[in-house]
Each structure stands twice: as structure tokens, then as C-alpha cells.
Amino acid sequence: MEANNIKLFGGARMDVALYEGETLNITVEISRYSNAEKERMIDKYRKAAEKKAMICPFCFEELRLRAGEINEIHFAHLKGKSCQGAEAYDTYHNQTKRESKKHSVIKEIIYNELKGQELIRSDLKVEYGYKEKAEEKWKHYPDIYLNKNGREFAVSVITNVHEIGDEKIVKIINKRNKYFKEKGLESIWFVEDRELADDYEHRVLHLWEAEYGLAIKTEEDYKWDKLLKELSEVFPGQNIPRLFGYRAHGTMNLDVRSLYYVHSIGDEITFSVYRLILDQMKSPFRGFTLTKGYQMNISQALIIRDEIQLSDKDQEEMNRLEFSNQVLVQIEALKAEAMLSREANELRYEQQAREEYFASTVQETIGEIAEPYMTVDIDVVEYVSKLKYLSLSHQEAKALFYYLKVHRGELEDYGLTLTEVKNAVRYALGKISEPKIREWLVEIEIL
């Protein structure tokens with residue numbers, strides 16, 4: 001049978017062929033029919049292929065259509081024929097199986113836009129990645145290969161980041177980025193817009209872990225780096241993300257990166273541009289966003305100069321000016337807050353001083369009022385004896401006065417009278433010249 005003379009070259013199984021001058025995707029074509037009609041349509045295209053109507057779009061050799069229980073429907077070269085393009089396409093096809101239906105739409109629109117510029121730029125080459133690098137038998141292919149005057153780019157679109165599982169897609173992206181870098185290509189990624197999770201109010205861009213590997217460095221990002229360095233020199237010691245209330249996982253390097261999200265409606269697409277500083281790589285994954293993000297139409301975003309422009313130059317200048325003003329406003333707010341804090345502290349210290357002074361004054365006043373009524377525990381007989389021997393000190397004279405002022409009615413308990421005490425005082429006044437002692441002795445005499 002004819003089928004016995006057919007095999008896949010290198011295991012390649014293609015779902016595309018040239019049929020009547022146009023590309024036919026057999027998987028898409030058969031999916032249009034009901035289950036009852038599918039077998040009839042498969043048989044139709046199988047017979048057409050046997051009559052040499054199906055051609056390989058890469059090597060232009062004839063193809064056969066195969067469909068069975070083990071192998072899903074696909075095109076294959078005749079036995080003994082080889083086709084590097086088919087094998088590369090098969091590798092790329094397996095690589096993109098996980099993508100959503102929007103992937104091919106977005107890829108084709110980007111490709112057509114870039115390919116159109118190839119006509120007017122002699123130093124520009126644009127091609128599908130699997131076509132350009134088929135002969136080199138790469139392990140991974142970018143959606144689109146771009147060469148601008150010897151500088152090579154790998155342009156890729158990614159969808160379904162969350163559906164495949166973040167950990168798995170992280171490994172895929174890391175492998176591709178590393179592989180393209182080893183091959184001398186700079187990676188440019190476009191992310192499907194349904195992955196976008198921005199919260200400008202808190203200056204945060206929430207990320208899948210995979211999106212870390214998709215953030216790229218462009219010419220505009222270096223301009224943002226320069227601005228941040230200048231602001232740090234003008235305002236030393238200030239943590240810029242913290243100025244805006246951003247809650248970082250830890251210390252952040254002021255290294256600006258870009259993420260590009262694709263919005264597709266029908267056959268129209270636009271790009272959202274986000275400039276951000278990646279936070280430490282741990283869950284929950286996030287970044288500090290410098291701008292609110294702005295949209296660009298495809299013809300503006302994909303202009304090629306030394307690299308794909310991917311920015312609105314005027315908008316970027318406005319954004320940097322606005323950001324500088326925002327930093328200044330935050331700094332002034334901090335200064336005002338610090339001044340209010342200092343004033344509040346000064347008022348608090350003044351109030352505390354007034355309260356302490358008042359308390360001290362009150363205490364002194366209370367002491368002055370209460371002092372005459374204070375009881376003093378003394379040996380009155382001994383004090384009177386000291387008067388006679390002229391050995392009473394100033395403090396003892398004062399203590400004797402206050403004792404007699406309160407307890408003079410109790411002198412009889414000690415075998416004394418107030419007259420006897422006053423006689424001893426008069427005797428001492430005639431002998432003692434110390435003013436402080438005499439002051440209290442006079443007070444006793446006039447009791």
C-alpha cells in the first residue's frame with residue numbers, strides 16, 4: 001500500500017501544506033466539520049495528496065496525508081525524502097501547542113507589521129523563527145526572528161501563562177531565554193493582556209513568577225535608570241519606592257525593566273507599556289511601577305531603528321517629568337510631616353516644663369503653708385539644756401520653735417514650763433551672736 005512508502009522525516013509531523021497555491025492547515029480545516037463529515041473530508045484530502053496536490057511549504061516536495069488511531073492527522077514526506085524546514089516547523093508546532101488561539105493571531109499581526117518595514121530597510125531582515133533557523137536545527141525557535149544591521153532579536157508572544165501552571169512556564173521561559181542568549185539573540189516578549197494585574201494606587205504590578213523572565217531592558221529603561229540615579233543624588237538616603245508607600249519584600253536595586261502587554265480585538269492589536277523595578281524574587285511576586293502604563297498602536301510600537309522602538313518618546317519624557325515632580329511632592333510632604341512632628345515635640349516639651357514648674361511651685365507653697373503645723377519629734381529637755389550651755393545649732397533652734405508652737409501645752413509632761421524655756425532663750429540671746437540662731441530664738445521668745 002502507498003502508506004507503507006510514507007514516513008515522517010526525523011519524526012516531524014506537519015499540519016500545514018500548500019494546496020492550490022494557499023497554505024492549508026489540516027487540523028483547522030477538519031475541525032470545521034461535524035464528526036459525521038470529518039471522515040469524508042479526510043478521505044478527500046488524502047486522495048488529493050496521493051495525486052500530488054499537497055506540497056511542502058518549505059522544500060516544495062509532495063506530501064501525503066496520514067490519519068489513524070495512533071497518529072493524529074498530519075502531512076508527511078515520502079519515504080527517503082528529507083526536509084529540515086518540516087522538522088523545524090514540527091519542533092516549533094510542539095513548542096506552541098500550549099498557547100491560546102490568540103497567539104497565532106497576535107503573532108501574524110506583529111509579523112506582517114515588521115515584514116512591511118523590511119521592504120524599505122535594506123539592513124533589516126524579518127522571518128519566522130523556525131524558517132530562518134531550520135538548517136541549524138535549533139531546540140527552541142522564537143515566533144519571529146529579526147536582524148537589524150547584524151543585531152539579532154528573538155520576538156515571542158506568550159499566552160495562557162496561568163493555565164499551564166506558573167512553575168512549568170517559568171522553566172520554559174528560562175530555557176528559551178538562555179538558549180536565545182547563547183545563540184546571540186536579544187529576547188523581546190509580548191504578554192497576553194489577560195495576565196495584566198496593575199494597581200497604580202499602590203504603585204504595584206502583580207506578577208506571575210514567569211513574568212520576571214519576560215521583563216526586558218530597552219533604551220528607554222536606561223534613561224529611567226539615569227533619572228533615578230540623579231534623584232538619589234539630589235535626595236540622598238531616600239528610598240524612592242517607599243516614598244510612594246510601596247511595600248517591598250526587601251532592598252530593591254534601582255534597575256528599570258519593561259513589560260509589554262498585548263490587547264487584541266479581532267485583527268487589531270495595541271500594546272501597553274509598563275516601566276517597573278522588580279521586587280525581590282519571592283512570593284507574592286510583584287514590582288514597583290514607575291508609570292501608570294500607556295497604550296500604543298502597533299504601527300507606532302513596532303517602528304524599527306537600532307531596535308524595535310516599543311515606546312512613545314514624547315510620552316516617556318512626560319512620564320519622567322511627572323515622576324520627578326511626584327518624588328518632589330513626596331519629599332516635601334515628608335519635610336512638612338517632620339516639621340509638624342518637631343513642632344508637636346517642642347509644644348510637648350514646653351507643656352511638660354510648665355507642668356513641672358507648676359508642680360514644683362505648688363509643692364513649695366504647700367510646704368510653706370504646712371511648715372508651721374509640722375510636728376517635730378525632739379527631746380525638748382535636751383534642747384533646753386543646750387540653750388543653757390549655748391550649744392544649740394541653727395537647725396535645732398528652728399526645730400525647737402516648731403515643737404513649742406504645736407506642743408507647748410505638753411511641756412508639763414517633761415517637768416518644764418513655757419516661762420522656764422523663755423528664760424533660757426533670753427539667756428542665750430545675751431550670749432549668742434549667730435544671726436540665724438538668734439532669728440529663731442526671737443520667734444520662741446514672742447510665742
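All of these numbers come straight from a predicted model, not from anything done at the bench. The analysis underlying the following values was restricted to heavy atoms, covering all of them including side chains, and did not include hydrogens, waters or symmetry mates. In this chain, numbering begins with 1 at the start of the sequence shown.
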>> Quick check on ring-ring contact (aromatic ring centres under 6.0 Å, His included): which of F190, Y261, Y294 does F271 satisfy it with?
In response: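 For F271, the ring-ring contact (aromatic ring centres under 6.0 Å, His included) test succeeds with only one of F190, Y261, Y294, which is F190.
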
> Which class fits the ring pair W138 and Y141: parallel under 30°, tilted 30 to 60°, perpendicular over 60°?
Replying inline: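 If you compare the ring of W138 with that of Y141, the planes turn out parallel.
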
> Would the Y246 and F288 ring centres measure less than 6.0 Å apart?
Replying inline: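 So the answer is yes for these two rings.
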
Between [X] (side chain only) and [Y] (backbone N and O only), is there a donor and an acceptor less than 3.5 Å apart?
X: Y212; Y: R286; result: yes
X: R64; Y: A49; result: yes
X: T96; Y: E99; result: no
X: D43; Y: E39; result: no
X: E113; Y: L302; result: no
X: E443; Y: W440; result: no

> Looking just at side-chain N and O atoms, do Y111 and D143 make a donor-acceptor pair shorter than 3.5 Å?
Replying inline: no

>> Between N177 and S187, is there a side-chain donor-acceptor contact under 3.5 Å, judged purely by atom types and distance?
In response: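 Note: S187 and N177 side chains meet the donor-acceptor criterion.
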
> Can you name the side-chain hydrogen bond (donor to acceptor under 3.5 Å, both in side chains) partners of E209, sequence neighbours left out?
Replying inline: none

